[in-house]
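By convention in this document, chain letters (A, B, ...) are assigned in the order of the sequence lines, proteins followed by strands, and residues within each chain are numbered from 1.
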2 protein chains.
Amino acid sequence: MQLHKRDVVDVATSLLDDYGMADLSMRRLARELNVSPGALYWHFANKQQLLGAVADRVLTAVDTASADPGDWQLGIGSLCTQLRDALLSHTDGAELVSASFAAGQSRAMGEVLGRLSAAAREAGVGSTQAELAARTIVYYVLGFTADEQSRLQWDAAGADLVETVWDEDPSARFAFGLRLLISGISVHSRSDA
Amino acid sequence: MQLHKRDVVDVATSLLDDYGMADLSMRRLARELNVSPGALYWHFANKQQLLGAVADRVLTAVDTASADPGDWQLGIGSLCTQLRDALLSHTDGAELVSASFAAGQSRAMGEVLGRLSAAAREAGVGSTQAELAARTIVYYVLGFTADEQSRLQWDAAGADLVETVWDEDPSARFAFGLRLLISGISVHSRSDA
DNA sequence: ACCTGAACACCGTTCAAGT
DNA sequence: ACCTGAACACCGTTCAAGT
């Protein structure tokens, strides 16, 4: 039967979950799909584009279209929490989405950025600065979660008992950084431009 | 004559500057040094460790030991500006340092983190939160600069005229995000813990 | 239109053996 | 102690040729 983009992304995602990014190669993916490596290049221009599609699949768990909550601080908080949860629910999820975002291959991250900008404008900052604030938040969420996930996966792999202060209540730690950013936005929404 | 770590890092850095991360391979590096690939593994455990050494070389331009300026906001600002400048002065510098930082292979980034924590404590936040604030700043600087650099390199390579709002005064844009974070730290340094 | 086969030009890492 | 040679087990991508 025919190979469809959907099947490719499905299998790629399960490969990611089971073995991580290092083992998510075009050749291995083709093997798993029982096609030749070249077949993938009929459906995707290159590996980056394929990874972008997998990133967008991971991000389907993030609701980027829900009605505005009216409270911008809450809006940012819940969106970022959803984003972090989505990344943590796949092996190397943060690394994958970071790379795809950096390469400009994730449509979904574009939407996240849009929602965050909207929230910042709602807070009362100008639209140029709202875009900047949104990006700052994204850098934080991706950086924090990639860090968290690499530690999680590191001491899930045998290296027990190394749990430092880092492993205690990551959600609270995550929320703290977010509060820092939200406070910053608050400050810049009144008085000075 | 003998191969020393210093020579390896020297040549690796010039390879990075001339061809970028994608072409900084162990085999290519060995070729350039007129040794066999295996020789590198006498001096470095693996590629990650070697890249960490190159990252630390890039970061020698960042002064992590200067006397405290007394003004923590200025201290954070100048350190981050130095960091960004250092990254921008090597091809794929931000990507390299990001990866090495994530892999825990950069001694220098550890020192940057320490200096930022100290500045946050000086601002009046608790030491646990100071560590978090420092990481948040690092995620921002690395994320912003990697983004900036990839755009710079992209439209240095032929794709002219695509200059959007992104390319106008990146330094001012960088400073804005930094101000956001510094404001956030200010807020959390008084009243609430 | 969609895929195979086979090639091209590479990788990182290991390790017996040499000096 | 330090390095070579050669191997192992892979990569991403292209493209004529097949159906």
### Message
Whole angstroms only, please: what is the CD-P distance between A:Gln2 and D:dT19?
### Response
17 Å
### Query
To the nearest angstrom, how far is A:Arg31 atom CZ from C:dG5 atom C1'?
16 Å
### Task
Can you run through DNA chain D from 5' to 3' and write each base as (, ), [, ], | or . depending on how it pairs? Watson-Crick or G-U wobble, both distances under 3.5 Å.
||.|||||...|||||.||
Under the side chain to side chain donor-acceptor pair (under 3.5 Å) rule, collect the residues that match up with [X], sequence neighbours excluded.
X	value
B:Ser150	none
A:Thr145	none
A:Arg57	A:Asp10

### Residue-level proximity of residues 32-50 of chain A to DNA chain C when a heavy atom falls under 4.0 Å
A:Val35, A:Ser36, A:Gly38, A:Ala39, A:Trp42, A:His43
#### Entry: Of residues 4-26 of chain B, the positions that come close to DNA chain C - non-hydrogen atoms, cut-off under 4.0 Å
B:Ser25, B:Met26
### Task
With sequence neighbours excluded, give me every salt bridge (charged side-chain N to carboxylate O under 4.0 Å, His left out) pair touching residues 97-121 of chain A.
A:Asp56-A:Arg107, A:Arg107-A:Glu111
#### Entry: salt bridge (charged side-chain N to carboxylate O under 4.0 Å, His left out) contacts in which one or both residues fall within residues 87-100 of chain B, not counting sequence neighbours
none
### Task
Consider the side chain of B:Arg27, meaning its heavy atoms from C-beta on, and name the nucleotide among C:dG12, D:dC11, C:dC3 that approaches it most closely.
C:dG12
### Message
So, using ring pair (Phe, Tyr, Trp, His ring centres under 6.0 Å) as the criterion, who are the partners of A:Tyr41 when residues are at least two apart?
### Response
none
Return a table of donor-acceptor pairs under 3.5 angstrom between the side chains of residues 16-33 of chain B and protein atoms on other chains or two or more places apart.
from: B:Asp17; atom 1: OD1; to: B:His90; atom 2: ND1; distance (Å): 2.9
from: B:Asp17; atom 1: OD2; to: B:His90; atom 2: ND1; distance (Å): 3.3
from: B:Ser25; atom 1: OG; to: B:Arg28; atom 2: N; distance (Å): 3.0

### Nearest-angstrom distance, P atom, C:dC10 to D:dA9
23 Å
### Message
Using the side-chain contact (heavy atoms from CB on, under 4.5 Å) criterion, which residues pair with B:Leu74? Sequence neighbours excluded.
### Response
B:Asp71
### Non-neighbouring partners of A:Asp7 that pass side-chain contact (heavy atoms from CB on, under 4.5 Å), sequence neighbours left out
A:His4
### Message
For A:Phe144, does the six-membered ring have the charged nitrogen or CZ of B:Arg135 within the cation-pi criterion, i.e. under 6.0 angstrom from the centroid and within 45° of the normal?
### Response
no
